[in-house]
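To start, the structure itself, in C-alpha coordinates.
In each ligand, atom 1 is the first atom listed, and ligand 1 is the first ligand listed.
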Amino acid sequence: MESYVFYQGEILEESKVNISIRSKAFNYGLGCFEGIRAYWDEEAQQLYAFRLKEHYQRLLESCKALYIQIPYTAEELCEWTLVLLRKNNFKTTVYIRPVAFKGSDHLFPTLYDDDNRILIYCQPMGNFAGKEAFRAAVSTWRRISDTMLPPRTKATAAYLNSALASLEALQNGYDEAILLTDQGYVCEGPGENIFLVKNGKLITPSPADHILEGITRNTVMVLAKEELGLEIVERSVARTELYSAQEVFFSGTAMEVTPVIEVDNRKVGNGEQGEVCREIKKLFFGLTTGRNLKYAHFCTPVY
Ligand code: PMP
(Lines give C-alpha, C1' and ligand atoms only; values in the text may rest on other atoms or scores of the structure.)
Protein backbone atom coordinates (compact mmCIF):
# COMPACT_ATOMS: atom_id res chain seq x y z
CA MET A 1 0.00 0.00 0.00
CA GLU A 2 1.32 3.44 -0.89
CA SER A 3 2.57 5.66 1.89
CA TYR A 4 1.21 9.17 2.33
CA VAL A 5 3.50 12.13 2.86
CA PHE A 6 3.06 15.81 3.66
CA TYR A 7 4.42 18.06 0.91
CA GLN A 8 4.01 21.80 0.57
CA GLY A 9 0.74 22.04 2.51
CA GLU A 10 -0.93 18.87 1.26
CA ILE A 11 -1.13 15.18 2.12
CA LEU A 12 -0.16 13.25 -1.02
CA GLU A 13 0.68 9.73 -2.10
CA GLU A 14 4.47 9.49 -1.99
CA SER A 15 4.74 8.76 -5.74
CA LYS A 16 2.98 12.06 -6.52
CA VAL A 17 5.85 14.12 -5.08
CA ASN A 18 7.97 15.51 -7.85
CA ILE A 19 11.33 17.03 -6.93
CA SER A 20 13.80 18.09 -9.61
CA ILE A 21 17.12 16.30 -10.00
CA ARG A 22 18.54 19.82 -10.22
CA SER A 23 17.23 20.91 -6.83
CA LYS A 24 19.76 22.51 -4.52
CA ALA A 25 18.81 20.16 -1.75
CA PHE A 26 19.90 17.23 -3.86
CA ASN A 27 22.94 18.88 -5.46
CA TYR A 28 24.38 20.77 -2.49
CA GLY A 29 22.56 19.54 0.61
CA LEU A 30 20.82 22.88 1.11
CA GLY A 31 18.30 21.70 3.63
CA CYS A 32 17.75 20.56 7.18
CA PHE A 33 15.69 17.88 8.80
CA GLU A 34 14.39 16.32 11.98
CA GLY A 35 14.06 12.78 13.25
CA ILE A 36 11.12 12.09 15.53
CA ARG A 37 9.65 8.89 16.90
CA ALA A 38 6.07 7.95 17.62
CA TYR A 39 5.75 4.95 19.94
CA TRP A 40 3.01 2.36 19.53
CA ASP A 41 1.35 1.05 22.69
CA GLU A 42 -0.12 -2.32 21.74
CA GLU A 43 -2.20 -2.68 24.88
CA ALA A 44 -3.75 0.77 24.62
CA GLN A 45 -3.88 0.54 20.78
CA GLN A 46 -2.50 4.06 20.74
CA LEU A 47 0.42 5.82 19.03
CA TYR A 48 2.29 8.58 20.93
CA ALA A 49 4.50 11.15 19.21
CA PHE A 50 7.50 11.81 21.45
CA ARG A 51 8.42 15.44 22.28
CA LEU A 52 6.90 16.50 18.98
CA LYS A 53 6.84 20.24 19.57
CA GLU A 54 10.49 20.37 20.69
CA HIS A 55 11.52 18.65 17.45
CA TYR A 56 9.64 21.20 15.35
CA GLN A 57 11.06 24.06 17.38
CA ARG A 58 14.53 22.72 16.61
CA LEU A 59 13.60 22.35 12.92
CA LEU A 60 12.53 25.99 12.80
CA GLU A 61 15.77 27.02 14.52
CA SER A 62 17.73 25.04 11.89
CA CYS A 63 15.66 26.73 9.14
CA LYS A 64 16.39 30.15 10.58
CA ALA A 65 20.15 29.53 10.73
CA LEU A 66 20.19 28.17 7.17
CA TYR A 67 17.89 30.83 5.73
CA ILE A 68 15.08 28.47 4.80
CA GLN A 69 11.71 30.16 5.24
CA ILE A 70 8.88 27.85 6.13
CA PRO A 71 5.35 29.30 6.48
CA TYR A 72 4.31 27.13 9.44
CA THR A 73 4.60 27.43 13.20
CA ALA A 74 5.82 24.52 15.32
CA GLU A 75 2.19 23.97 16.42
CA GLU A 76 0.98 23.79 12.81
CA LEU A 77 3.71 21.29 11.91
CA CYS A 78 2.70 19.16 14.92
CA GLU A 79 -0.89 19.20 13.68
CA TRP A 80 0.11 18.22 10.14
CA THR A 81 2.21 15.38 11.54
CA LEU A 82 -0.75 14.02 13.49
CA VAL A 83 -2.94 14.25 10.36
CA LEU A 84 -0.25 12.40 8.37
CA LEU A 85 0.18 9.64 10.95
CA ARG A 86 -3.59 9.12 11.06
CA LYS A 87 -3.80 9.06 7.27
CA ASN A 88 -1.14 6.31 7.17
CA ASN A 89 -2.99 4.53 9.98
CA PHE A 90 0.21 3.25 11.58
CA LYS A 91 -0.17 0.57 14.24
CA THR A 92 3.51 0.26 15.02
CA THR A 93 6.37 2.46 16.27
CA VAL A 94 7.35 4.89 13.53
CA TYR A 95 10.11 7.31 12.63
CA ILE A 96 8.98 10.69 11.32
CA ARG A 97 11.26 12.63 9.00
CA PRO A 98 10.48 16.29 8.22
CA VAL A 99 12.82 17.85 5.64
CA ALA A 100 12.93 21.58 4.87
CA PHE A 101 14.95 22.51 1.81
CA LYS A 102 15.76 24.74 -1.12
CA GLY A 103 13.95 23.25 -4.09
CA SER A 104 15.15 25.65 -6.78
CA ASP A 105 16.99 24.23 -9.79
CA HIS A 106 19.06 27.35 -10.33
CA LEU A 107 22.62 26.06 -10.67
CA PHE A 108 24.53 27.65 -7.81
CA PRO A 109 24.41 26.86 -4.06
CA THR A 110 22.69 30.06 -2.98
CA LEU A 111 20.56 30.23 0.14
CA TYR A 112 18.91 33.55 -0.69
CA ASP A 113 16.44 32.31 -3.31
CA ASP A 114 12.88 31.88 -2.16
CA ASP A 115 12.03 28.35 -3.32
CA ASN A 116 11.62 26.94 0.19
CA ARG A 117 9.89 23.59 0.59
CA ILE A 118 8.93 21.22 3.33
CA LEU A 119 7.94 17.60 3.34
CA ILE A 120 7.31 15.01 6.02
CA TYR A 121 7.44 11.26 5.55
CA CYS A 122 7.21 8.43 8.05
CA GLN A 123 8.23 4.80 8.23
CA PRO A 124 8.01 1.99 10.76
CA MET A 125 11.12 1.74 12.95
CA GLY A 126 11.94 -0.66 15.74
CA ASN A 127 15.43 -1.09 17.24
CA PHE A 128 17.36 1.03 14.75
CA ALA A 129 20.78 -0.02 15.98
CA GLY A 130 19.88 -3.70 15.61
CA LYS A 131 22.17 -4.35 18.59
CA GLU A 132 21.88 -4.18 22.34
CA ALA A 133 25.39 -2.77 22.86
CA PHE A 134 28.06 -1.06 20.77
CA ARG A 135 31.79 -1.36 20.23
CA ALA A 136 32.95 2.11 19.25
CA ALA A 137 36.13 3.76 18.02
CA VAL A 138 37.28 7.35 18.03
CA SER A 139 37.21 8.54 14.45
CA THR A 140 40.05 10.12 12.53
CA TRP A 141 37.37 12.45 11.13
CA ARG A 142 36.73 15.47 13.34
CA ARG A 143 33.22 16.74 14.00
CA ILE A 144 32.28 19.91 12.13
CA SER A 145 32.47 22.99 14.29
CA ASP A 146 30.18 25.99 14.58
CA THR A 147 32.58 28.06 12.49
CA MET A 148 32.29 25.63 9.56
CA LEU A 149 28.76 24.28 9.31
CA PRO A 150 26.54 24.83 12.35
CA PRO A 151 26.34 21.49 14.21
CA ARG A 152 23.45 22.73 16.35
CA THR A 153 21.31 22.62 13.21
CA LYS A 154 20.37 19.33 11.64
CA ALA A 155 21.75 20.52 8.30
CA THR A 156 21.47 17.83 5.64
CA ALA A 157 25.01 18.51 4.39
CA ALA A 158 26.46 17.89 7.86
CA TYR A 159 25.59 14.22 7.61
CA LEU A 160 28.39 13.66 5.13
CA ASN A 161 30.70 14.24 8.10
CA SER A 162 28.67 11.67 10.07
CA ALA A 163 28.62 9.20 7.19
CA LEU A 164 32.39 9.34 6.71
CA ALA A 165 32.97 8.64 10.39
CA SER A 166 30.46 5.75 10.39
CA LEU A 167 32.03 4.27 7.27
CA GLU A 168 35.48 4.33 8.83
CA ALA A 169 34.21 2.70 12.04
CA LEU A 170 32.37 -0.06 10.16
CA GLN A 171 35.28 -0.72 7.79
CA ASN A 172 37.55 -1.07 10.82
CA GLY A 173 35.23 -3.61 12.41
CA TYR A 174 33.46 -1.39 14.98
CA ASP A 175 29.75 -0.69 15.34
CA GLU A 176 29.93 3.06 15.68
CA ALA A 177 32.22 6.11 15.60
CA ILE A 178 32.87 8.68 18.31
CA LEU A 179 33.86 12.05 16.87
CA LEU A 180 36.15 14.53 18.57
CA THR A 181 35.87 18.28 18.12
CA ASP A 182 38.44 20.20 16.15
CA GLN A 183 40.06 20.96 19.53
CA GLY A 184 40.27 17.26 20.34
CA TYR A 185 37.48 16.94 22.91
CA VAL A 186 34.82 14.26 22.79
CA CYS A 187 31.83 15.55 20.82
CA GLU A 188 29.21 12.94 19.87
CA GLY A 189 28.45 9.97 17.67
CA PRO A 190 27.48 10.42 14.00
CA GLY A 191 23.81 10.68 14.96
CA GLU A 192 23.67 10.52 18.73
CA ASN A 193 24.93 12.22 21.88
CA ILE A 194 27.28 10.60 24.34
CA PHE A 195 27.30 10.18 28.12
CA LEU A 196 29.93 8.91 30.56
CA VAL A 197 29.39 7.70 34.10
CA LYS A 198 32.24 8.27 36.51
CA ASN A 199 32.10 8.05 40.31
CA GLY A 200 28.33 8.49 40.43
CA LYS A 201 28.29 11.51 38.11
CA LEU A 202 26.77 11.66 34.67
CA ILE A 203 29.13 13.56 32.38
CA THR A 204 28.31 14.78 28.87
CA PRO A 205 29.96 17.21 26.42
CA SER A 206 28.55 20.71 26.71
CA PRO A 207 26.87 22.65 23.88
CA ALA A 208 30.06 24.76 23.62
CA ASP A 209 31.76 21.61 22.28
CA HIS A 210 29.77 21.72 19.03
CA ILE A 211 27.20 19.04 19.82
CA LEU A 212 23.67 18.84 18.54
CA GLU A 213 21.60 19.45 21.65
CA GLY A 214 19.67 16.22 21.46
CA ILE A 215 16.13 15.91 22.70
CA THR A 216 16.88 12.40 23.92
CA ARG A 217 19.96 13.84 25.66
CA ASN A 218 17.67 16.25 27.47
CA THR A 219 15.28 13.42 28.38
CA VAL A 220 18.20 11.37 29.74
CA MET A 221 19.39 14.32 31.83
CA VAL A 222 15.89 14.94 33.23
CA LEU A 223 15.51 11.26 34.18
CA ALA A 224 19.01 10.99 35.66
CA LYS A 225 18.46 14.04 37.83
CA GLU A 226 14.79 13.62 38.78
CA GLU A 227 14.55 9.86 39.08
CA LEU A 228 18.08 8.70 39.90
CA GLY A 229 19.30 11.79 41.76
CA LEU A 230 22.55 11.84 39.78
CA GLU A 231 24.72 14.91 39.49
CA ILE A 232 24.95 15.96 35.83
CA VAL A 233 28.08 17.63 34.56
CA GLU A 234 28.17 19.29 31.12
CA ARG A 235 31.80 20.00 30.29
CA SER A 236 34.60 19.31 27.84
CA VAL A 237 35.56 15.63 27.93
CA ALA A 238 39.02 14.33 27.00
CA ARG A 239 39.32 11.23 24.81
CA THR A 240 41.05 9.14 27.45
CA GLU A 241 38.20 9.76 29.89
CA LEU A 242 36.27 7.35 27.67
CA TYR A 243 38.78 4.68 28.74
CA SER A 244 38.50 5.33 32.46
CA ALA A 245 34.72 5.84 32.61
CA GLN A 246 32.70 3.19 34.40
CA GLU A 247 30.01 3.49 31.74
CA VAL A 248 29.58 5.08 28.33
CA PHE A 249 26.30 5.24 26.43
CA PHE A 250 24.71 6.94 23.43
CA SER A 251 21.36 8.71 23.22
CA GLY A 252 19.34 9.72 20.19
CA THR A 253 15.90 9.47 18.64
CA ALA A 254 16.77 6.60 16.31
CA MET A 255 19.40 5.07 18.62
CA GLU A 256 17.32 5.59 21.81
CA VAL A 257 19.62 4.70 24.74
CA THR A 258 22.39 2.25 23.82
CA PRO A 259 25.40 1.21 25.93
CA VAL A 260 28.93 1.42 24.55
CA ILE A 261 30.82 -1.54 25.99
CA GLU A 262 34.14 -1.02 24.27
CA VAL A 263 36.04 2.06 23.05
CA ASP A 264 39.21 1.76 20.93
CA ASN A 265 39.61 -1.92 21.90
CA ARG A 266 39.40 -1.12 25.63
CA LYS A 267 36.55 -2.47 27.68
CA VAL A 268 34.31 0.17 29.22
CA GLY A 269 33.95 -0.82 32.90
CA ASN A 270 33.66 -4.60 32.92
CA GLY A 271 32.66 -4.70 29.25
CA GLU A 272 28.94 -5.03 29.90
CA GLN A 273 26.03 -2.64 30.04
CA GLY A 274 26.29 -0.62 33.26
CA GLU A 275 23.72 -0.04 35.98
CA VAL A 276 23.04 3.63 35.19
CA CYS A 277 22.43 2.91 31.52
CA ARG A 278 20.13 0.02 32.41
CA GLU A 279 18.09 2.22 34.77
CA ILE A 280 17.90 5.12 32.31
CA LYS A 281 16.75 2.76 29.56
CA LYS A 282 14.05 1.33 31.78
CA LEU A 283 12.84 4.80 32.75
CA PHE A 284 13.02 6.02 29.14
CA PHE A 285 10.92 3.18 27.74
CA GLY A 286 8.57 3.58 30.68
CA LEU A 287 7.61 7.05 29.53
CA THR A 288 7.53 6.93 25.72
CA THR A 289 3.94 5.71 25.66
CA GLY A 290 2.52 8.20 28.11
CA ARG A 291 2.13 5.70 30.94
CA ASN A 292 4.34 7.65 33.33
CA LEU A 293 1.97 10.49 34.19
CA LYS A 294 4.79 12.71 35.45
CA TYR A 295 6.13 12.83 31.90
CA ALA A 296 2.87 12.43 29.98
CA HIS A 297 3.41 15.94 28.56
CA PHE A 298 6.26 14.47 26.44
CA CYS A 299 3.80 12.25 24.59
CA THR A 300 1.11 13.38 22.12
CA PRO A 301 -1.57 10.78 21.41
CA VAL A 302 -2.18 10.40 17.67
CA TYR A 303 -5.54 8.64 17.54
N1 PMP B 1 23.75 14.31 17.39
C2 PMP B 1 23.51 14.20 16.07
C3 PMP B 1 24.60 14.59 15.12
C4 PMP B 1 22.29 13.72 15.60
O5 PMP B 1 22.04 13.60 14.29
C6 PMP B 1 21.29 13.34 16.53
C7 PMP B 1 19.98 12.79 16.05
N8 PMP B 1 19.04 13.80 15.85
C9 PMP B 1 21.57 13.47 17.90
C10 PMP B 1 22.81 13.96 18.29
C11 PMP B 1 20.55 13.12 18.94
O12 PMP B 1 19.50 14.06 18.93
P13 PMP B 1 18.02 13.64 19.33
O14 PMP B 1 18.11 13.00 20.65
O15 PMP B 1 17.27 14.92 19.36
O16 PMP B 1 17.54 12.70 18.28
Side-chain angles (χ1 to χ4, degrees), residues 29 31-39 49-63 65-66 74 77 81 93-100 120 122 125 127-129 134 136 139 141-146 148-167 169 176-182 185-196 202 204-224 234 237 248-258 260 277 280-281 283-285 287-288 295 298-299:
C32 56
F33 66 96
E34 267 305 317
I36 312 169
R37 266 189 195 259
Y39 285 90
F50 190 64
R51 304 196 70 172
L52 193 55
K53 190 156 166 213
E54 287 98 321
H55 280 283
Y56 280 116
Q57 282 165 340
R58 190 170 66 185
L59 182 74
L60 294 180
E61 285 167 16
S62 296
C63 286
L66 302 179
L77 291 168
T81 303
T93 294
V94 290
Y95 185 78
I96 304 157
R97 166 57 58 82
V99 189
I120 310 172
C122 320
M125 182 185 279
N127 178 342
F128 167 77
F134 275 1
S139 182
W141 296 96
R142 293 290 167 96
R143 185 73 183 136
I144 47 166
S145 87
D146 203 60
M148 305 171 188
L149 204 172
R152 69 180 57 254
T153 67
K154 277 184 72 73
T156 311
Y159 285 79
L160 186 51
N161 175 250
S162 297
L164 287 166
S166 295
L167 176 71
E176 190 60 309
I178 297 171
L179 290 111
L180 306 182
T181 65
D182 209 31
Y185 292 111
V186 175
C187 185
E188 58 189 348
E192 55 276 337
N193 295 111
I194 193 164
F195 286 92
L196 289 73
L202 190 62
T204 192
S206 80
D209 279 323
H210 311 283
I211 63 165
L212 179 79
E213 286 179 70
I215 291 163
T216 321
R217 173 183 182 271
N218 175 268
T219 308
V220 166
M221 294 199 293
V222 168
L223 291 174
E234 291 178 82
V237 175
V248 175
F249 61 90
F250 285 132
S251 74
T253 296
M255 183 71 67
E256 300 169 306
V257 179
T258 304
V260 178
C277 184
I280 296 271
K281 251 167 75 173
L283 289 161
F284 180 77
F285 288 112
L287 64 77
T288 51
Y295 299 104
F298 285 166
C299 307

Identified side chain to side chain donor-acceptor pair (under 3.5 Å) counterpart of Glu34 within the set Arg58, Lys154, Gln57: Arg58

Heavy-atom side-chain proximity of Lys281 to Phe249 below 4.5 angstrom: no

Residue, atom name and distance, where the atom is the protein heavy atom closest to atom 14 (O) of ligand 1: Thr216 OG1, 2.6 Å

Donor-acceptor contact below 3.5 Å, side chain Ser139 vs main chain Ile178: no

Atom indices of ligand 1 within 4.0 angstrom of Pro190 heavy atoms, with elements: 3 (C)

Atoms in ligand 1 with a heavy atom of Gly214 nearer than 4.0 Å: 12 (O), 13 (P), 14 (O), 15 (O)

Polar contact flag, side-chain donor to acceptor under 3.5 angstrom, Thr81-Tyr56: yes

Any Ala254 heavy atom less than 4.0 Å from ligand 1: no

Min N/O separation Tyr159 to ligand 1 under 3.5 Å: yes

Identity and distance of the protein heavy atom lying nearest atom 8 (N) of ligand 1: Lys154 NZ, 2.7 Å

Exceeds 12 heavy-atom contacts within 6.0 angstrom, atom CZ of Phe128: no

Min heavy-atom dist Met255 to ligand 1 below 4.0 Å: no

Any Tyr295 side-chain heavy atom under 4.5 Å of Thr219 side chain: no

Heavy atom of Arg143, distance to ligand 1 below 4.0 Å: yes

Atom 6 (C) of ligand 1: nearest protein contact (heavy atom, Å): Gly191 O, 3.2 Å

Other residues, nucleotides, ligands: >12 heavy atoms within 6.0 Å of Phe284 CZ: yes

Closest approach of any protein heavy atom to atom 11 (C) of ligand 1, naming residue and atom: Asn193 OD1, 3.5 Å

Subset of ligand 1 atoms that lie under 4.0 Å from at least one heavy atom of Thr253: 13 (P), 14 (O), 15 (O), 16 (O)

Which of the ligand 1 atoms, numbered from 1, are nearer than 4.0 Å to a heavy atom of Ile215: 13 (P), 14 (O), 15 (O)

Arg217 side chain near Pro207 side chain, heavy-atom distance below 4.5 Å: yes

From Thr216, Thr288, Asn218, residue fulfilling side chain to side chain donor-acceptor pair (under 3.5 Å) relative to Arg51: Asn218

N or O contact, Arg58 vs ligand 1, cut-off under 3.5 Å: yes

N/O separation below 3.5 Å, Glu188 to ligand 1: yes

